[in-house]
Amino acid sequence: MARPPVITVDGPSGTGKGTLCSLISRWLGWNLLDSGALYRILALLAHRNGIPVAEAAQVAGLVRDILPDVRFISAEGDEPVTVILDGADVGALIRREECGSAASSLAAHGTVREALLAWQRSFQRPPGLVADGRDMGTVVFPDAELKVFLTANPRERAKRRYKQLKEKGIYVSFDNLVESIAERDRRDTQRILSPLKPADGAIEIDTSTSGRDDVFGQVAEIIRKRFDLSAVHNIM
Ligand code: DC
(Lines give C-alpha, C1' and ligand atoms only; values in the text may rest on other atoms or scores of the structure.)
Protein backbone atom coordinates (compact mmCIF):
# COMPACT_ATOMS: atom_id res chain seq x y z
CA MET A 1 0.00 0.00 0.00
CA ALA A 2 1.26 3.50 -0.79
CA ARG A 3 2.46 5.34 2.28
CA PRO A 4 0.17 8.15 3.48
CA PRO A 5 1.32 11.62 2.30
CA VAL A 6 2.91 14.11 4.70
CA ILE A 7 2.98 17.91 4.88
CA THR A 8 5.63 19.28 7.25
CA VAL A 9 5.53 22.74 8.84
CA ASP A 10 8.70 23.78 10.67
CA GLY A 11 9.91 27.04 12.18
CA PRO A 12 10.56 28.79 15.48
CA SER A 13 7.81 29.33 18.06
CA GLY A 14 5.40 32.21 17.54
CA THR A 15 5.33 32.00 13.75
CA GLY A 16 1.82 30.51 13.60
CA LYS A 17 2.78 26.88 12.86
CA GLY A 18 0.18 25.40 15.22
CA THR A 19 -2.66 27.47 13.78
CA LEU A 20 -1.63 26.72 10.21
CA CYS A 21 -1.35 22.97 10.91
CA SER A 22 -4.78 22.93 12.58
CA LEU A 23 -6.36 24.66 9.59
CA ILE A 24 -4.73 22.33 7.07
CA SER A 25 -5.57 19.16 9.00
CA ARG A 26 -9.22 20.22 9.43
CA TRP A 27 -9.52 21.14 5.79
CA LEU A 28 -7.97 17.93 4.46
CA GLY A 29 -9.27 15.66 7.23
CA TRP A 30 -5.68 14.48 7.82
CA ASN A 31 -4.02 13.47 11.09
CA LEU A 32 -2.09 16.02 13.08
CA LEU A 33 1.24 15.72 14.90
CA ASP A 34 2.37 18.48 17.27
CA SER A 35 5.90 17.17 17.82
CA GLY A 36 6.75 19.89 20.36
CA ALA A 37 3.91 18.48 22.48
CA LEU A 38 5.61 15.03 22.46
CA TYR A 39 8.80 16.59 23.87
CA ARG A 40 6.66 18.38 26.46
CA ILE A 41 4.74 15.17 27.32
CA LEU A 42 8.02 13.36 27.83
CA ALA A 43 9.10 16.14 30.20
CA LEU A 44 5.80 15.72 32.07
CA LEU A 45 6.23 11.93 32.30
CA ALA A 46 9.79 12.37 33.58
CA HIS A 47 8.49 14.70 36.27
CA ARG A 48 5.68 12.30 37.23
CA ASN A 49 8.19 9.44 37.48
CA GLY A 50 10.66 11.52 39.49
CA ILE A 51 13.38 11.35 36.82
CA PRO A 52 15.56 14.48 36.45
CA VAL A 53 15.76 15.78 32.84
CA ALA A 54 19.55 15.45 32.95
CA GLU A 55 19.09 11.65 33.08
CA ALA A 56 18.46 11.55 29.34
CA ALA A 57 18.80 7.76 28.93
CA GLN A 58 16.27 7.07 31.71
CA VAL A 59 13.88 9.64 30.29
CA ALA A 60 14.22 8.12 26.81
CA GLY A 61 13.45 4.71 28.37
CA LEU A 62 10.03 6.02 29.39
CA VAL A 63 9.01 6.16 25.73
CA ARG A 64 9.79 2.47 25.25
CA ASP A 65 8.42 1.29 28.58
CA ILE A 66 5.12 3.10 28.78
CA LEU A 67 4.47 4.31 25.24
CA PRO A 68 1.49 6.51 26.07
CA ASP A 69 -1.56 6.95 23.92
CA VAL A 70 -1.43 10.49 22.53
CA ARG A 71 -3.94 12.15 20.22
CA PHE A 72 -4.12 15.65 18.81
CA ILE A 73 -7.36 17.40 17.95
CA SER A 74 -7.07 20.36 15.62
CA ALA A 75 -8.48 23.59 17.00
CA GLU A 76 -11.08 26.17 16.01
CA GLY A 77 -9.67 29.59 15.13
CA ASP A 78 -6.57 30.54 17.11
CA GLU A 79 -7.14 28.09 19.97
CA PRO A 80 -4.18 25.76 20.61
CA VAL A 81 -4.36 22.14 19.46
CA THR A 82 -6.00 19.86 22.08
CA VAL A 83 -3.54 17.25 23.41
CA ILE A 84 -4.99 14.03 24.83
CA LEU A 85 -2.65 11.84 26.87
CA ASP A 86 -4.11 8.48 27.94
CA GLY A 87 -7.63 9.92 27.70
CA ALA A 88 -6.98 13.19 29.59
CA ASP A 89 -6.60 16.70 28.14
CA VAL A 90 -3.08 17.75 29.20
CA GLY A 91 -2.84 20.87 26.99
CA ALA A 92 -2.78 23.39 29.83
CA LEU A 93 -0.28 21.32 31.85
CA ILE A 94 2.27 20.79 29.11
CA ARG A 95 2.12 24.38 27.85
CA ARG A 96 3.37 25.73 31.15
CA GLU A 97 6.72 27.49 30.92
CA GLU A 98 8.47 24.90 33.18
CA CYS A 99 7.41 22.09 30.85
CA GLY A 100 8.56 24.06 27.78
CA SER A 101 12.00 24.67 29.19
CA ALA A 102 12.37 21.03 30.39
CA ALA A 103 11.30 19.93 26.88
CA SER A 104 13.88 22.20 25.30
CA SER A 105 16.65 20.74 27.52
CA LEU A 106 15.54 17.16 26.76
CA ALA A 107 15.48 17.99 23.03
CA ALA A 108 19.26 18.49 22.98
CA HIS A 109 19.91 14.80 23.90
CA GLY A 110 20.43 12.30 21.07
CA THR A 111 18.96 9.39 23.04
CA VAL A 112 15.76 11.34 23.60
CA ARG A 113 15.47 12.45 19.96
CA GLU A 114 16.15 8.86 18.86
CA ALA A 115 13.46 7.48 21.20
CA LEU A 116 10.93 9.98 19.88
CA LEU A 117 11.65 9.27 16.22
CA ALA A 118 9.58 6.08 15.84
CA TRP A 119 6.81 7.54 18.00
CA GLN A 120 6.60 10.60 15.74
CA ARG A 121 6.63 8.48 12.58
CA SER A 122 3.79 6.31 13.94
CA PHE A 123 1.48 9.29 13.34
CA GLN A 124 1.88 8.82 9.58
CA ARG A 125 -1.47 7.11 9.08
CA PRO A 126 -4.10 7.30 6.31
CA PRO A 127 -5.37 9.49 4.82
CA GLY A 128 -2.33 11.73 5.51
CA LEU A 129 -0.40 13.67 8.12
CA VAL A 130 0.29 17.33 8.88
CA ALA A 131 3.40 17.53 11.11
CA ASP A 132 4.36 20.61 13.15
CA GLY A 133 7.85 21.04 14.64
CA ARG A 134 11.47 22.04 14.18
CA ASP A 135 12.91 19.05 12.26
CA MET A 136 9.85 17.51 10.60
CA GLY A 137 11.06 18.18 7.05
CA THR A 138 14.78 17.69 7.70
CA VAL A 139 14.92 14.55 9.89
CA VAL A 140 11.61 12.94 10.82
CA PHE A 141 9.81 13.02 7.44
CA PRO A 142 12.54 13.77 4.86
CA ASP A 143 10.34 12.30 2.09
CA ALA A 144 7.38 14.59 2.83
CA GLU A 145 5.41 15.64 -0.24
CA LEU A 146 5.30 19.28 0.87
CA LYS A 147 7.62 21.12 3.27
CA VAL A 148 6.82 24.55 4.64
CA PHE A 149 9.12 26.71 6.80
CA LEU A 150 7.57 29.66 8.64
CA THR A 151 9.56 32.64 9.88
CA ALA A 152 8.62 35.94 11.53
CA ASN A 153 10.70 38.67 13.09
CA PRO A 154 11.37 38.14 16.83
CA ARG A 155 9.53 41.32 17.95
CA GLU A 156 6.37 40.26 16.12
CA ARG A 157 6.60 36.77 17.64
CA ALA A 158 7.08 38.28 21.09
CA LYS A 159 4.02 40.51 20.53
CA ARG A 160 1.90 37.44 19.68
CA ARG A 161 3.14 35.53 22.71
CA TYR A 162 2.57 38.58 24.95
CA LYS A 163 -1.02 38.84 23.72
CA GLN A 164 -1.63 35.10 24.30
CA LEU A 165 -0.27 35.33 27.86
CA LYS A 166 -2.25 38.49 28.61
CA GLU A 167 -5.43 36.77 27.47
CA LYS A 168 -4.69 34.07 30.05
CA GLY A 169 -4.21 36.78 32.71
CA ILE A 170 -0.44 36.28 32.80
CA TYR A 171 1.57 39.52 32.74
CA VAL A 172 5.28 39.39 31.85
CA SER A 173 7.86 42.00 30.84
CA PHE A 174 7.85 42.47 27.06
CA ASP A 175 11.63 42.96 26.93
CA ASN A 176 12.19 39.76 28.93
CA LEU A 177 9.93 37.94 26.50
CA VAL A 178 11.92 39.20 23.49
CA GLU A 179 15.13 38.05 25.21
CA SER A 180 13.71 34.62 26.11
CA ILE A 181 12.49 34.05 22.53
CA ALA A 182 15.92 35.03 21.19
CA GLU A 183 17.55 32.64 23.68
CA ARG A 184 15.28 29.72 22.69
CA ASP A 185 16.02 30.47 18.98
CA ARG A 186 19.74 30.37 19.68
CA ARG A 187 19.43 27.03 21.47
CA ASP A 188 17.20 25.46 18.78
CA THR A 189 19.22 26.69 15.77
CA GLN A 190 22.71 26.11 17.18
CA ARG A 191 22.30 22.66 18.72
CA ILE A 192 24.32 19.94 17.03
CA LEU A 193 21.48 17.43 16.65
CA SER A 194 18.61 18.25 14.30
CA PRO A 195 19.02 22.03 14.50
CA LEU A 196 16.17 24.24 13.38
CA LYS A 197 16.69 25.06 9.70
CA PRO A 198 14.63 24.95 6.50
CA ALA A 199 14.64 21.56 4.75
CA ASP A 200 15.90 21.41 1.16
CA GLY A 201 13.03 22.36 -1.09
CA ALA A 202 10.97 23.89 1.74
CA ILE A 203 8.68 26.77 0.87
CA GLU A 204 9.59 29.66 3.18
CA ILE A 205 6.87 32.06 4.27
CA ASP A 206 7.46 35.14 6.45
CA THR A 207 4.34 35.57 8.59
CA SER A 208 5.43 38.87 10.25
CA THR A 209 2.83 40.94 8.43
CA SER A 210 0.37 38.25 7.29
CA GLY A 211 -2.75 37.14 9.12
CA ARG A 212 -3.79 33.55 9.76
CA ASP A 213 -6.17 33.33 6.78
CA ASP A 214 -3.65 34.88 4.44
CA VAL A 215 -0.95 32.33 5.34
CA PHE A 216 -3.44 29.45 5.13
CA GLY A 217 -4.62 30.77 1.73
CA GLN A 218 -1.06 30.75 0.35
CA VAL A 219 -0.38 27.22 1.55
CA ALA A 220 -3.82 25.93 0.47
CA GLU A 221 -3.08 27.19 -3.04
CA ILE A 222 0.16 25.19 -3.15
CA ILE A 223 -1.61 22.10 -1.74
CA ARG A 224 -4.32 22.31 -4.41
CA LYS A 225 -1.64 22.32 -7.11
CA ARG A 226 0.44 19.55 -5.58
CA PHE A 227 -2.09 17.00 -4.30
CA ASP A 228 -5.00 15.14 -5.78
CA LEU A 229 -7.81 16.44 -3.55
CA SER A 230 -10.61 14.46 -5.15
CA ALA A 231 -11.09 12.54 -1.87
CA VAL A 232 -11.40 15.75 0.17
CA HIS A 233 -15.07 16.63 0.63
CA ASN A 234 -14.91 19.56 3.01
CA ILE A 235 -13.26 22.09 0.66
CA MET A 236 -13.30 25.47 2.43
O1 DC B 1 7.03 23.78 19.71
P2 DC B 1 7.17 23.74 21.24
O3 DC B 1 7.44 25.07 21.85
O4 DC B 1 6.00 23.06 21.88
O5 DC B 1 8.46 22.81 21.51
C6 DC B 1 8.99 22.60 22.80
C7 DC B 1 10.49 22.29 22.67
O8 DC B 1 10.69 21.02 22.06
C9 DC B 1 11.25 23.29 21.82
O10 DC B 1 11.90 24.26 22.62
C11 DC B 1 12.28 22.48 21.08
C12 DC B 1 11.79 21.06 21.16
N13 DC B 1 11.37 20.54 19.86
C14 DC B 1 12.35 19.94 19.09
O15 DC B 1 13.52 19.93 19.46
N16 DC B 1 12.00 19.35 17.90
C17 DC B 1 10.73 19.38 17.47
N18 DC B 1 10.41 18.80 16.32
C19 DC B 1 9.73 20.02 18.23
C20 DC B 1 10.09 20.61 19.43
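In listed order, ligands and their atoms are each counted from 1.
Of the N and O atoms on the side chains of Arg184 and Ser13, not one donor lies less than 3.5 Å from an acceptor on the other residue.
Partners of Asp135 by side chain to side chain contact (heavy atoms under 4.5 Å, CB included), not counting sequence neighbours, listed by chain and number: Arg113, Thr138, Val139, Val140, Ser194. Taking Asp206 as the reference, Ser208 meet the side-chain hydrogen bond (donor to acceptor under 3.5 Å, both in side chains) condition, with sequence neighbours excluded.
Among protein residues, Ser35, Gly36, Tyr39, Arg40, Ser104, Ala107, Arg113, Gly133, Arg134, Asp135, Met136, Arg184, Asp188, Arg191 come within 4.0 Å of ligand 1, judged on heavy atoms.
The pair Arg64-Glu114 does not meet the salt-bridge criterion, since no charged nitrogen lies less than 4.0 angstrom from a carboxylate oxygen.
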Tell me which donor-acceptor pairs under 3.5 Å the side chains of residues 89-96 have, and how far apart each pair is, sequence neighbours excluded?
| unit_1 | atom_1 | unit_2 | atom_2 | d |
| --- | --- | --- | --- | --- |
| Asp89 | OD1 | Gly91 | N | 3.0 |
| Arg95 | NH1 | Val81 | O | 3.3 |
| Arg95 | NH2 | Val81 | O | 2.9 |
| Arg96 | NE | Glu98 | OE1 | 3.3 |
| Arg96 | NH2 | Glu98 | OE1 | 3.2 |

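Cation-pi check for Arg125 over Phe123 is met; the charged atom lies under 6.0 angstrom from the ring centroid and within 45 degrees of its normal.
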